Enquirer: 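Handing you a structure now.
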Amino acid sequence: SMGGLVVRMLMASPKLSEVWEQIAKRPSSHLVMLGTPNQGSYAAVESLIGKGQGMRYLASLDFHHNLQQVLDVIGEFDGLLHLLPTDHSPENALDYFDPKTWEQLKNLNRDRWFGNGQGFGAVPSKARLNAAKKAWELLKQQEASAIPHADRIAYVFGVDTHTPLTLKIEDDKLVLE
């Protein structure tokens with residue numbers, strides 16, 4: 001799924017867009033995007049707050065670092081931050097590109113198995129969040145100006161019952177739905 005975003009960034013990049021042009025001009029070339037998170041993914045948020053199954057497995061297997069220490073490391077992974085949701089609808093007023101949001105989420109995040117009763121979660125740096133925001137802005141500009149060779153692109157999407165679709169704060173608790 002992330003590969004679709006990589007190709008979209010290639011298309012939007014002033015330095016690399018010619019590569020897409022060359023590929024698209026080939027007679028039988030097509031891009032098939034399978035589940036590409038074109039508006040970001042709440043699975044990235046779920047991982048950054050330590051609620052994702054993969055993060056929990058990783059923390060369980062690491063005998064030298066606790067979950068918070070693992071989250072501190074992955075909170076600086078550009079690839080993960082580039083998957084943050086871009087939805088700022090009234091239902092979700094959280095700005096995932098603002099470090100204050102991550103401080104708030106960390107302070108509210110409690111868990112019976114991890115965290116020892118204290119809040120936990122990644123707090124990505126402002127510089128990394130700004131870079132991720134700029135990447136999404138580049139993709140939004142591309143959408144506004146028409147995607148080149150859109151007739152060569154197919155998009156397949158779906159949702160799994162375990163895929164989080166939003167994060168809400170209710171009664172000072174985090175709720176992934």
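Since the model is a prediction, treat every value here as computed from it, not as a measurement. Basis for what follows: all heavy atoms, side chains included, without hydrogens, waters or symmetry-related copies.
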Enquirer: Is V45 reachable from V73 through a run of I, L, V, M, F, W or Y residues, each pair having side-chain heavy atoms under 4.5 Å apart?
Expert: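 Yes; V45 is reachable from V73 via cluster members.
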Enquirer: Quick one: does T36's side chain have a donor or acceptor within less than 3.5 Å of a partner on M33's backbone?
Expert: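 No; judged by distance alone, with no hydrogens or angles, the pair does not exist.
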Enquirer: So R8 and N38, side-chain contact (heavy atoms from CB on, under 4.5 Å) or not? Walk me through it.
Expert: CA-CA 9 Å; R8 285 194 57 210; N38 286 308; 2.7 Å; yes
Enquirer: What's the verdict on side-chain contact (heavy atoms from CB on, under 4.5 Å) for L129 and L81, showing C-alpha distance, side-chain angles and the deciding distance?
Expert: CA-CA 7 Å; L129 291 170; L81 298 177; 4.3 Å; yes
Enquirer: Please tell me whether Y155 and L139 are part of a single hydrophobic cluster in this structure, the criterion being side-chain heavy atoms less than 4.5 Å apart.
Expert: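 In one cluster: no.
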Enquirer: Hey, could you give me the CG/NZ distance between L94 and K168, rounded to the nearest 0.5 Å?
Expert: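 L94 CG to K168 NZ: 11.5 Å, rounded to 0.5 Å.
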Enquirer: Would you say S13's side chain and L10's backbone share a donor-acceptor pair under 3.5 angstrom?
Expert: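 No; judged by distance alone, with no hydrogens or angles, the pair does not exist.
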Enquirer: Considering non-hydrogen atoms only, spot the tightest contact between M11 and S17 and give its length.
Expert: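 So the two residues come closest at O-CB, 3.2 Å.
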Enquirer: Return the minimal non-hydrogen interatomic distance between L84 and W136, and the atom names on each side.
Expert: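 It is O-NE1, 3.4 Å.
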Enquirer: Can you see which heavy atom on N66 is nearest to which on Q68, and at what distance?
Expert: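 Looks like OD1-N, 3.0 Å.
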Enquirer: Check whether any side-chain heavy atom of V123 lies under 4.5 Å from a side-chain heavy atom of L71, and answer yes or no.
Expert: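 In short, these two side chains do not touch, never coming nearer than 4.5 Å.
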Enquirer: Spell out, as yes or no, whether a donor-acceptor pair under 3.5 Å connects the side chain of R152 to the backbone of H30.
Expert: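 Checking the backbone N and O of H30 against the side chain of R152, no donor-acceptor pair under 3.5 Å is found.
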Enquirer: If Ile, Leu, Val, Met, Phe, Trp and Tyr residues are connected whenever their side-chain heavy atoms lie under 4.5 Å apart, and connections chain through other members, are V6 and V19 in the same group?
Expert: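 No, V6 does not connect to V19 through the hydrophobic network.
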Enquirer: Please check this pair: side chain of S41 against backbone of P37, looking for a donor-acceptor N/O pair closer than 3.5 Å.
Expert: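 No; zero donor-acceptor contacts below 3.5 Å.
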Enquirer: Would you compute the distance between atom CD of Q22 and atom CD of E18 and round it to the nearest 0.5 angstrom?
Expert: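 Answer rounded to 0.5 Å: 5.0 Å.
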Enquirer: In sequence, state the C-alpha distance, the side-chain angles, and the governing distance for R56 and D111, and then conclude on side-chain contact (heavy atoms from CB on, under 4.5 Å).
Expert: CA-CA 12 Å; R56 290 170 175 267; D111 191 279; 2.3 Å; yes
Enquirer: What I want to check is whether the side chains of E46 and Y42 have a donor and an acceptor closer together than 3.5 Å.
Expert: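 Note: E46 and Y42 side chains miss the donor-acceptor criterion.
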Enquirer: Measuring only between side-chain heavy atoms, which start at C-beta, is L105 closer than 4.5 Å to Y96?
Expert: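 With C-beta onward as the side chain, the pair touches.
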Enquirer: Are the side chain of E177 and the backbone of L165 linked by a donor-acceptor contact shorter than 3.5 Å?
Expert: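 Judged by distance alone, no pair lies under 3.5 Å.
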Enquirer: I'd like to know if the side chain of E103 pairs up with that of N107 as donor and acceptor (distance under 3.5 Å, no hydrogens or angles considered).
Expert: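 Absent: no donor and acceptor within the cut-off.
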Enquirer: Quick check: does any side chain N or O of T86 sit under 3.5 Å from a backbone N or O of Q39, one acting as donor and the other as acceptor?
Expert: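 Between the backbone of Q39 and the side chain of T86 there is a qualifying donor-acceptor contact (under 3.5 Å).
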Enquirer: Hey, are the side chains of V175 and T166 touching, using non-hydrogen atoms and a 4.5 Å cut-off?
Expert: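 A side-chain contact is absent here, since even the closest heavy-atom pair is not under 4.5 Å.
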Enquirer: For the hydrophobic clusters of this structure (ILVMFWY residues joined by side-chain heavy atoms under 4.5 Å, transitively), does one cluster hold both I169 and L167?
Expert: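 Shared cluster, yes.
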Enquirer: Testing the basics here: between P124 and G75, what is the closest heavy-atom pair and its distance to 0.1 Å?
Expert: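 Between these two residues, the closest heavy atoms are CB-O, 3.2 Å.
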Enquirer: Tell me whether Q53 at atom CD has more than 12 heavy atoms from other residues, nucleotides or ligands lying less than 6.0 Å away.
Expert: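 Not buried by this count: 12 neighbours or fewer within 6.0 Å.
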Enquirer: At their closest point, which heavy atom of L67 faces which heavy atom of A59, and how far apart are they?
Expert: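 L67 and A59 have their closest heavy atoms at CD1-CB, 3.7 Å.
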Enquirer: Give, for atom CG of L58 and atom NE2 of H65, the distance between the pair rounded to the nearest 0.5 Å.
Expert: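 Here the interatomic distance stands at 10.5 Å.
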Enquirer: For the pair I147 and Q142, evaluate side-chain contact (heavy atoms from CB on, under 4.5 Å) and give the outcome as yes or no after the intermediate values.
Expert: CA-CA 6 Å; I147 294 175; Q142 177 197 53; 4.2 Å; yes
Enquirer: Taking N109 for the side chain and F120 for the main chain, is one N or O donor matched with an acceptor at less than 3.5 Å?
Expert: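 The answer is yes, because a donor-acceptor pair under 3.5 Å joins these two groups.
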Enquirer: Check whether any side-chain N or O of D160 sits under 3.5 Å from a backbone N or O of T163 as a donor-acceptor pair, and report yes or no.
Expert: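 No; judged by distance alone, with no hydrogens or angles, the pair does not exist.
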Enquirer: Donor-acceptor pair, D98 side chain versus K100 backbone, under 3.5 Å?
Expert: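 Flag set: sc D98 to bb K100 pair under 3.5 Å.
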Enquirer: Hey, is the main chain of V7 close enough, under 3.5 Å, to the side chain of W20 for a donor-acceptor pair?
Expert: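 Looks like no, no N/O pair under 3.5 Å.
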Enquirer: Is there a side-chain contact between M55 and K51 in this structure, where contact means two heavy atoms from C-beta onward sitting under 4.5 Å apart?
Expert: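 Not touching, per the 4.5 Å side-chain cut-off.
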Enquirer: Looking only at side-chain N and O atoms, does E21 offer a donor or acceptor that is under 3.5 Å from a partner on H149?
Expert: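 There is such a pair between these side chains.
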Enquirer: Sort out for me which residue in R128, Q104, K126 forms a side-chain contact (heavy atoms from CB on, under 4.5 Å) with P99.
Expert: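 For P99, the side-chain contact (heavy atoms from CB on, under 4.5 Å) check succeeds only for K126.
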Enquirer: Of the non-hydrogen atoms in I153 and P148, which two are nearest, and what is the gap between them?
Expert: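 Distance-wise, the nearest heavy atoms are CD1-O, 4.4 Å.
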Enquirer: Flag yes if M2 and L80 sit in one hydrophobic cluster, no otherwise; membership is Ile, Leu, Val, Met, Phe, Trp, Tyr, and two members link when side-chain heavy atoms are under 4.5 Å apart.
Expert: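 Yes, M2 connects to L80 through the hydrophobic network.
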